[in-house]
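A short write-up of the structure that comes next.
Worth knowing before you read on, the calculation uses all heavy atoms, side chains too, and leaves out hydrogens, waters and symmetry mates.
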Amino acid sequence: MRRGERCRPWTASEERRLAEIAGTMPRREVARALRRSNEAVRQKASRMGVSLRHWEPRCSETCPACGMARTELRASGTCRPCELRALVARAESETAEAMERLGPADRAVYASTETRLQSAPDPRPAPPRTEGMTPYRAARARDAYREALERWEVRTLTRLLKARRRRLERMIKKISNQ
Ligand SMILES: [Zn+2]
């Protein structure tokens, strides 16, 4: 509260709003949302026993292609998993073209080895159960989950891309020996 400013009593709905948003955003944004000074909000939160502690997320970038919260966007403007997905798609379309150029017997062999090449993926991280958590802990848990998911996607897609490229190389070799 600025000096000379009259103490404006808190309404019940303002108190509810404070309890709702405390910890979900930086303090200054909580104060702005309530049109109160930082100090007034700090004192009120303390009296209500509400924590204003805010988790600054590591996954703070939103990928424009997949809409996921990511730790970083690449020079291409998208996240790493989106880049990898595009590379996998390219390898797959090149594989389809190579398939056309194979003889019928080889084509049958490569078609049947398709499933075998997909190695078992790591288990996908599960979203956290945040019921009953403080907003701070819930935000931290959600952020950790997003980061784990990003790492898992990168790992899984990298493995898939390598398998696709190896297969494509073998097919190209076969074609050149035909
Ligand atoms: Zn993306």
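Arg47 CZ: more than 12 foreign heavy atoms inside a 6.0 Å radius. Residue Arg101 places its CZ atom among 12 or fewer non-hydrogen atoms of other residues, nucleotides or ligands, all under 6.0 Å distant. Arg107 CZ: more than 12 foreign heavy atoms inside a 6.0 Å radius. Remark: Lys44 NZ is packed, more than 12 non-hydrogen atoms of other residues, nucleotides or ligands lying under 6.0 Å away.
By the criterion of side-chain heavy atoms lying less than 4.5 angstrom apart, applied directly or through intervening Ile, Leu, Val, Met, Phe, Trp or Tyr residues, Val50 is grouped together with Trp10 in one hydrophobic cluster. Both Leu161 and Leu157 are assigned to one and the same hydrophobic cluster, defined by single-linkage of ILVMFWY side chains at heavy-atom distances under 4.5 Å. Linking Ile, Leu, Val, Met, Phe, Trp and Tyr whenever their side-chain heavy atoms come within less than 4.5 Å puts Met99 and Ile175 in one cluster.
Between Arg36 and Ala40, the closest heavy-atom pair is CB-CB, 4.3 Å. Of all heavy-atom pairs between Gly23 and His54, the closest is O-ND1, 3.5 Å. Nearest heavy-atom pair, Asn38 versus Ala31, reported as atom, atom and distance to 0.1 Å: OD1-CB, 3.2 Å. Contact between Leu84 and Val154 at its shortest, heavy atoms only, is CD1-O, 3.8 Å. For the pair Leu34 and Leu18, the tightest heavy-atom approach, listed with the atom from each and the gap, is CD1-CD1, 3.7 Å.
Side-chain contact between Arg166 and Lys162 is present, with at least one heavy-atom pair separated by less than 4.5 Å. The side-chain heavy atoms of Arg170 and Lys174, taken from C-beta on, include no pair separated by under 4.5 Å.
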key: side-chain contact (heavy atoms from CB on, under 4.5 Å) between Arg53 and Thr134, worked out   = CA-CA 10 Å; Arg53 206 161 158 225; Thr134 62; over 6 Å; no
ask   = Could you go step by step and tell me if Glu14 and Arg17 meet the salt bridge (charged side-chain N to carboxylate O under 4.0 Å, His left out) rule?
value = CA-CA 5 Å; Glu14 279 179 316; Arg17 180 92 179 114; over 6 Å; no
message = Between Arg90 and Leu87, is the side-chain contact (heavy atoms from CB on, under 4.5 Å) condition met? List the steps.
response = CA-CA 5 Å; Arg90 193 199 293 169; Leu87 292 172; 4.3 Å; yes
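Atom CG in Leu149 sits 14.5 Å away from atom CZ in Arg142 (nearest 0.5 Å). To the nearest 0.5 angstrom, Arg151 atom CZ is 14.5 Å from Arg146 atom CZ. In this structure, the separation between OG on Ser176 and CE on Met171 is 12.5 Å, given to the nearest 0.5 Å. Interatomic distance, CZ of Arg85 versus CZ of Arg80, reported as 11.5 Å (0.5 Å rounding).
Judged by distance alone, the side chain of Arg167 and the main-chain N or O of Tyr110 form a donor-acceptor pair under 3.5 Å. The backbone N or O of Ala91 sits less than 3.5 Å from a side-chain atom of Thr95, completing a donor-acceptor pair. With Thr130 contributing its side chain and Met133 its backbone, the two residues share no donor-acceptor pair below 3.5 Å.
Residues satisfying the side chain to side chain contact (heavy atoms under 4.5 Å, CB included) test with Ile172, not counting sequence neighbours, are Leu168.
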Identify each donor-acceptor pair in which a side-chain atom of residues 62-74 lies under 3.5 Å from a protein atom, sequence neighbours left out, and give them as a table.
{"unit_1": "Arg70", "atom_1": "NH1", "unit_2": "Glu153", "atom_2": "OE2", "d": "3.1"}
{"unit_1": "Arg70", "atom_1": "NH2", "unit_2": "Glu153", "atom_2": "OE1", "d": "3.2"}
{"unit_1": "Arg70", "atom_1": "NH2", "unit_2": "Glu153", "atom_2": "OE2", "d": "3.2"}
{"unit_1": "Thr71", "atom_1": "OG1", "unit_2": "Glu150", "atom_2": "OE1", "d": "3.2"}
{"unit_1": "Thr71", "atom_1": "OG1", "unit_2": "Glu150", "atom_2": "OE2", "d": "3.0"}
{"unit_1": "Glu72", "atom_1": "OE2", "unit_2": "Arg74", "atom_2": "NH1", "d": "3.4"}
{"unit_1": "Arg74", "atom_1": "NE", "unit_2": "Glu83", "atom_2": "OE1", "d": "3.1"}

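Using a 4.0 Å cut-off between a side-chain N of Lys or Arg and a carboxylate O of Asp or Glu, Glu29 and Arg32 do not qualify as a salt bridge.
A donor atom on one side chain and an acceptor atom on the other are found under 3.5 Å apart for Trp55 and Asp143.
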